[in-house]
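As structure tokens, the structure follows; a few thoughts come after it.
Each chain gets a letter, A, B and so on, in the order the sequences are listed, and its residues count up from 1.
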Protein chains: 2
Amino acid sequence: MTYSIKAVAEKTHLSIYTLRFYDKQGLLPFVSRNQSGYREFTDADLQLLHTITCLKNTGMKIADIRTYIEAVMVGPSTIPTRQQLLAAHREAILAEQRKILANLKEIDFKLNIYNAPKAAQIITAERQYAKAEKLANQLPDPYPELPVASEKVHRD
Amino acid sequence: MTYSIKAVAEKTHLSIYTLRFYDKQGLLPFVSRNQSGYREFTDADLQLLHTITCLKNTGMKIADIRTYIEAVMVGPSTIPTRQQLLAAHREAILAEQRKILANLKEIDFKLNIYNAPKAAQIITAERQYAKAEKLANQLPDPYPELPVASEKVHRD
DNA sequence: ACTTGCCCTAGAGTGTTGTCGAGGGTTTAT
DNA sequence: ATAAACCCTCGACAACACTCTAGGGCAAGT
């Protein structure tokens, strides 16, 4: 049993365009063509494509995925190479995860302020500080004046 | 005390080009200019810039960061908006983290195979299976023949 | 006055990853 | 044999996030 490019697109949630693009980029040298020149994907091909999407989803560049795939095509002699490539990528992922987590913590800190009961006071105070700093440095103040909270002004 | 664009670039590890690009994209409406038209960053500006890099580092698009910054400029009335923006982004980050972790597990699985003592056998078997599958489907075999491991062939 | 080293803008160029249209062949059903 | 629904390549286009160049202004030191 083999799969047409359309079937593979549906299975993998990659577009047909993307699959062809990947092939053009040398990511799919293992996909054979039938006598009409159509791509026919085998199950083993899907396995490899799955590995490719794993690498892509974790942020590996297409050029680096190609390097890995090229090693796969060569055969078992390249196992040490593949090992190194994946191990290095693994470390890159972990480093990126750590970075994102650190940034996430800061976003959570901001969210906590916004969720605090005194949020409006805190934010207003920060704004006042920023405005004062501009003034102290003789710089134009980019912050617009706040509309006055004129409660129930309906004279006449 | 204020900071020149060069000083900010060094502090933030963003290039001067990037800072100007961000300004052009509307990410830095809070940065004032001095009488010569030069940008002067205050400490409060650096705080906001830091928030921007947090959002950028966690994958937020520039257009969305701009939306957030625009809300900040308006004032405390937009606290609910900012809350929603950050909360949604927070969820997007967590979803992405989960996806990456799932993919990382698969990469680790591959790495374990490569690190196994029987790695060469396993890989060779997989390769043989892939080749057989091509054959069974009357497709050309894209895998090259492996060089024979001719041990010590030095006749004459 | 002149050099050096900053700063500015506008707009062109780059790298990456797709996305699509044109033009054309194949397969299947009617 | 003709239509519908596939498939192909090639090359243009696009979105995104920079990166740089050209041309010019400003500020400090010699």
What's the CZ-P distance between A:Arg20 and D:dT9, to the nearest Å? 7 Å

Go through D:dT19, D:dA17, C:dT9 for me and flag the one nearest to the B:Tyr17 side chain. D:dT19

For A:Gln35 and C:dG25, what is the distance between atoms CD and C1' respectively, to the nearest whole Å? 15 Å

Considering only NZ, NE, NH1 and NH2 on the basic side and carboxylate oxygens on the acidic side, decide whether A:Arg33 and A:Asp23 come within less than 4.0 Å. yes

Between A:Glu40 and B:Asn137, do the side chains contain a donor N or O and an acceptor N or O under 3.5 Å apart? no

Side-chain heavy atoms of A:Lys134 within contact of A:Pro142, under 4.5 Å: yes

Let me know the distance between CG of A:Asn34 and P of C:dG25, rounded to the nearest Å. 17 Å

Specify the separation, in whole Å, of atom OH of A:Tyr22 and atom C1' of C:dT16. 11 Å

Measure the distance from CD1 on A:Ile62 to P on C:dT17 and round it to the nearest whole Å. 4 Å

Which atoms form the tightest heavy-atom contact between B:Arg127 and A:Val74, and what is the distance? NH2-O, 3.6 Å

Under 4.0 Å: is that the gap between some side-chain N or O of B:Arg39 and OP1 or OP2 of C:dC7? no

Selection: residues 3-16 of chain B, any non-hydrogen atom under 4.0 Å of DNA chain C: B:Ser4, B:Ile5, B:Lys6, B:Ile16

Within the 4.0 Å heavy-atom criterion, would you say A:Arg33 contacts the bases, only the backbone, or no part of the nucleic acid? sugar-phosphate

Under 3.5 Å side-chain donor-acceptor pair for B:Asp45 and B:Thr42: yes

Taking NZ, NE, NH1 and NH2 as the nitrogens, is one of them in B:Glu70 or B:Arg82 under 4.0 Å from a carboxylate oxygen of the other? no

Does D:dA17 have OP1 or OP2 sitting under 4.0 Å from an N or O in the side chain of B:Thr18? no

Atom-pair distance (CG on A:Asp23; C1' on D:dC7), nearest Å: 13 Å

Are there more than 12 heavy atoms of other residues, nucleotides or ligands under 6.0 Å from atom CD of A:Gln121? yes

Can you figure out which of D:dG11, C:dG18, C:dT9 approaches the side chain of A:Lys24 most closely? D:dG11

Which one, D:dA17, D:dT9, C:dT19, comes nearest to the side chain of B:Phe21? D:dA17

Roughly how many Å is it from CG in B:Leu28 to C1' in C:dT9, rounded to a whole number? 16 Å

Think B:Ser36 has a side-chain N or O under 4.0 angstrom from the OP1 or OP2 of D:dA27? yes

Residue A:Lys61, side-chain atoms from C-beta onward, closest of D:dC18, D:dT9, C:dT17: C:dT17

Grab the CG-C1' distance between B:Leu55 and D:dA17 for me, whole Å please. 16 Å

Is any N or O donor-acceptor pair between the side chain of A:Tyr38 and the base of C:dG25 shorter than 3.5 Å? yes

